[in-house]
Visitor: 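My structure is below; once you've seen it, I'll send some questions.
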Amino acid sequence: MSLVGKKFPNVTVDAMSEMGDDLRINIFEEAVNNQQKVILFWYPKDFTFVCPTELHAFQEALGEFEKRNTKVIGASCDTNEVHFAWLNVSKDNGGIEGVTYPLLADTHRQLANILGIVDQDFEYNKEGEEVFTGSNVTYRATYLIDETGKIFHESVNDMPLGRNVKEYLRLIDAYTHVQKHGEVCPANWEEGKEAMKADRTSTAEYLAKN
């Protein structure tokens, strides 16, 4: 079930800083108390394959997110200790050394289960006993949260599919334009391009020119 348009769950989760500090982070409060947008991206597991490419991609774009008053937070179900160990492995050895944004450590899967993003299911064997199936780690889920704590975008990729970080910057730009100007953003809209009023006349005029 989609959470777009709803408030992000008001849940506090353990997290790790790049300096090895144990943190407690509440995504909803980060957005509301600091009056900033938040991008929260979940990845399946530390010390894996696609995951470090994504963490470095978000790090490379960190300045662009900061320009947009947006905080970047990563998340998985690994422990703080495992996060810190991975942060101390160099990039050329498959690690995430150099990543400076915090990483949630949702080891109890409390938040991930509320969001419904864990690869987790149950079946019944021939004896009628419930048997757990699935990897019990999260899919590549991404949430964009505004300054009121409302989710304005969510997406979920299967585990082999890495994300396009530029698309999240575009979505933040589009949502900020809507907030500032009260207009709507057509397909493939980018910063600096024409937007529309939410009425038939504006739509017709836009389509006539495009």
Visitor: Do the side chains of Cys51 and Trp86 get nearer than 4.5 Å, heavy atoms only?
Guide: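 When only atoms from C-beta onward are counted, Cys51 and Trp86 do touch, with a gap below 4.5 Å.
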Visitor: Taking the six-membered ring for Trp and the single ring otherwise, decide whether the centroids of Tyr101 and Phe41 are under 6.0 Å apart.
Guide: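 Yes, ring centres under 6.0 Å apart.
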Visitor: Would a single hydrophobic cluster contain both Val118 and Val156, if residues Ile, Leu, Val, Met, Phe, Trp and Tyr are joined by side-chain heavy-atom contacts under 4.5 Å?
Guide: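 No, it is not one cluster - the side chains of Val156 and Val118 are not joined through contacts under 4.5 Å.
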Visitor: Answer yes if the side chains of Ser202 and Asp199 hold a donor-acceptor pair under 3.5 Å, and no otherwise.
Guide: no
Visitor: Please give me the minimum heavy-atom distance between Tyr143 and Ile117, naming the atom from each residue.
Guide: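 Distance-wise, the nearest heavy atoms are OH-CG2, 3.2 Å.
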Visitor: Do NZ/NE/NH1/NH2 and the carboxylate oxygens of Glu29 and Lys71 come within less than 4.0 Å?
Guide: no
Visitor: Verify the cluster assignment for Val32 and Phe152: are they in a single hydrophobic cluster under the rule of side-chain heavy atoms below 4.5 Å apart?
Guide: no
Visitor: Could you check Ser76 against Asp46 for side-chain contact (heavy atoms from CB on, under 4.5 Å), going step by step and ending with a plain yes or no?
Guide: CA-CA 8 Å; Ser76 78; Asp46 292 357; 3.8 Å; yes
Visitor: Between the main-chain N or O of Arg68 and the side-chain N or O of Thr70, is there a donor-acceptor pair closer than 3.5 Å?
Guide: yes
Visitor: Is there a path of hydrophobic side-chain contacts, each under 4.5 Å between heavy atoms of I/L/V/M/F/W/Y residues, joining Tyr139 to Leu161?
Guide: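 They do not share one cluster, since no chain of ILVMFWY contacts under 4.5 Å joins Leu161 to Tyr139.
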Visitor: Nearest 0.5 Å, please: how far is CD in Glu81 from OG1 in Thr107?
Guide: 9.0 Å
Visitor: Report yes if the side chains of Lys7 and Thr148 come closer than 4.5 Å at any heavy-atom pair, otherwise no.
Guide: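 Side-chain contact under 4.5 Å: yes.
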Visitor: Against His83, only a single residue in Val99, Leu103, Ile96 fulfils side-chain contact (heavy atoms from CB on, under 4.5 Å); can you say which?
Guide: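 It is Leu103, the one option of Val99, Leu103, Ile96 that forms the side-chain contact (heavy atoms from CB on, under 4.5 Å) with His83.
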Visitor: Going by distance alone, is a donor N or O of one side chain under 3.5 Å from an acceptor N or O of the other, for Asn136 and Asp119?
Guide: no
Visitor: Quick check: do Tyr43 and Thr138 have side-chain heavy atoms less than 4.5 Å from each other?
Guide: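 Tyr43 does not reach Thr138 side chain to side chain.
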Visitor: For the CG atom of Asn210 and the NZ atom of Lys193, what is their distance to the nearest 0.5 Å?
Guide: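 Reported to 0.5 Å precision, the distance equals 9.0 Å.
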Visitor: Evaluate the side-chain proximity of Glu205 to Lys197: yes if any heavy-atom separation is below 4.5 Å, no if none is.
Guide: no
Visitor: Quick check on the hydrophobic clustering: are Leu62 and Tyr168 connected, directly or via other members, by side-chain heavy-atom contacts under 4.5 Å?
Guide: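 Yes, Leu62 connects to Tyr168 through the hydrophobic network.
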Visitor: Given Ile39, which partner from the list Leu169, Ile145, Leu144, Leu171 fulfils the side-chain contact (heavy atoms from CB on, under 4.5 Å) test?
Guide: Leu144
Visitor: Which distance, rounded to the nearest 0.5 Å, do you find between the CG of Asp92 and the CD of Glu97?
Guide: 8.5 Å
Visitor: Between Glu154 (side chain) and Ile151 (backbone), is there a donor-acceptor pair under 3.5 Å?
Guide: no
Visitor: Side chains of Ser90 and Asn93: does their closest heavy-atom pair fall under 4.5 Å?
Guide: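 A side-chain contact exists here, since the closest heavy-atom pair is under 4.5 Å.
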Visitor: Do Ile25 and Ile73 pass the side-chain contact (heavy atoms from CB on, under 4.5 Å) test, and can you show the C-alpha distance, the side-chain angles, and the key distance before you say yes or no?
Guide: CA-CA 10 Å; Ile25 293 179; Ile73 299 176; 4.2 Å; yes
Visitor: Are the side chain of Arg170 and the backbone of Trp189 linked by a donor-acceptor contact shorter than 3.5 Å?
Guide: yes
Visitor: Can you see which heavy atom on Cys185 is nearest to which on Ala174, and at what distance?
Guide: SG-O, 3.6 Å
Visitor: So, using side chain to side chain contact (heavy atoms under 4.5 Å, CB included) as the criterion, who are the partners of Glu183 when residues are at least two apart?
Guide: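 His177, His181, Ala195.
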Visitor: Just how far is it from atom CG of Leu87 to atom CE of Met19, taken to the nearest 0.5 Å?
Guide: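 With rounding to 0.5 Å, CG (Leu87) is 11.0 Å from CE (Met19).
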Visitor: Is there a donor-acceptor contact under 3.5 Å linking the side chains of Asp146 and Tyr175?
Guide: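 Per modelled atom types, Asp146 and Tyr175 side chains form a pair under 3.5 Å.
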Visitor: Please report the C-alpha distance between Tyr206 and Glu194 in whole Å, then the side-chain angles of each, then the deciding distance to 0.1 Å, and finally whether the side-chain contact (heavy atoms from CB on, under 4.5 Å) criterion is met.
Guide: CA-CA 8 Å; Tyr206 179 87; Glu194 181 183 3; 4.1 Å; yes
Visitor: Can you give me the closest heavy-atom contact between Met159 and Ser135, atom names plus distance?
Guide: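 Of all heavy-atom pairs spanning Met159 and Ser135, the closest is CE-OG, 3.4 Å.
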Visitor: Would you please say whether a donor-acceptor pair under 3.5 Å links the side chains of Thr142 and Arg163?
Guide: yes
Visitor: Taking the six-membered ring for Trp, is the centroid-to-centroid distance between Phe8 and Phe28 below 6.0 Å?
Guide: no
Visitor: Over all heavy atoms of both residues, which pair between Glu30 and Gln36 is shortest? Give the atoms and the distance, please.
Guide: O-NE2, 3.4 Å
Visitor: How close do Asn80 and Ala105 get, heavy atom to heavy atom, and via which atoms?
Guide: OD1-CB, 3.1 Å
Visitor: Applying side-chain contact (heavy atoms from CB on, under 4.5 Å) to Lys37 and Thr176, what does each step give before you reach the verdict?
Guide: CA-CA 10 Å; Lys37 293 180 177 67; Thr176 301; 3.3 Å; yes
Visitor: Taking C-beta and beyond as the side chain, do Met16 and Asp22 meet within less than 4.5 Å on heavy atoms?
Guide: yes
Visitor: Please check if Ile172 and Phe58 belong to a single hydrophobic cluster, counting links between Ile, Leu, Val, Met, Phe, Trp and Tyr side chain heavy atoms closer than 4.5 Å.
Guide: yes
Visitor: Within a strict 4.5 Å, meaning less than it, do heavy atoms of the Arg24 and Asp14 side chains meet?
Guide: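 Contact flag for Arg24/Asp14 side chains = yes.
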Visitor: For the pair Arg140 and Asp158, find out whether any cationic side-chain nitrogen is under 4.0 Å from an anionic carboxylate oxygen.
Guide: no
Visitor: Does Gln179, at its CD atom, have more than 12 non-hydrogen atoms belonging to other residues, nucleotides or ligands within less than 6.0 Å?
Guide: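 Atom CD in Gln179 is packed in, count exceeds 12.
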Visitor: Would you kindly say whether Gln59 and Thr100 are connected by a side-chain donor-acceptor distance under 3.5 Å?
Guide: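 There is such a pair between these side chains.
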Visitor: Show your reasoning for whether salt bridge (Lys or Arg N to Asp or Glu O under 4.0 Å) applies to Glu191 and Lys180.
Guide: CA-CA 13 Å; Glu191 184 65 48; Lys180 288 182 178 179; over 6 Å; no
Visitor: Determine the minimum heavy-atom distance between Val89 and Ala85, stating which atoms define it.
Guide: CG2-O, 3.4 Å
Visitor: Tell me, yes or no, whether the heavy-atom count around Lys6 atom NZ, taken from other residues, nucleotides or ligands under 6.0 Å, exceeds 12.
Guide: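 Yes - once you tally the heavy atoms of other residues, nucleotides and ligands closer than 6.0 Å, there are more than 12.
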Visitor: Using side-chain heavy atoms (C-beta onward) and a distance below 4.5 Å, is Asp106 in contact with Trp42?
Guide: yes
Visitor: So for atom CZ, which belongs to Phe49, do other residues, nucleotides or ligands contribute more than 12 heavy atoms lying within a distance under 6.0 Å?
Guide: no
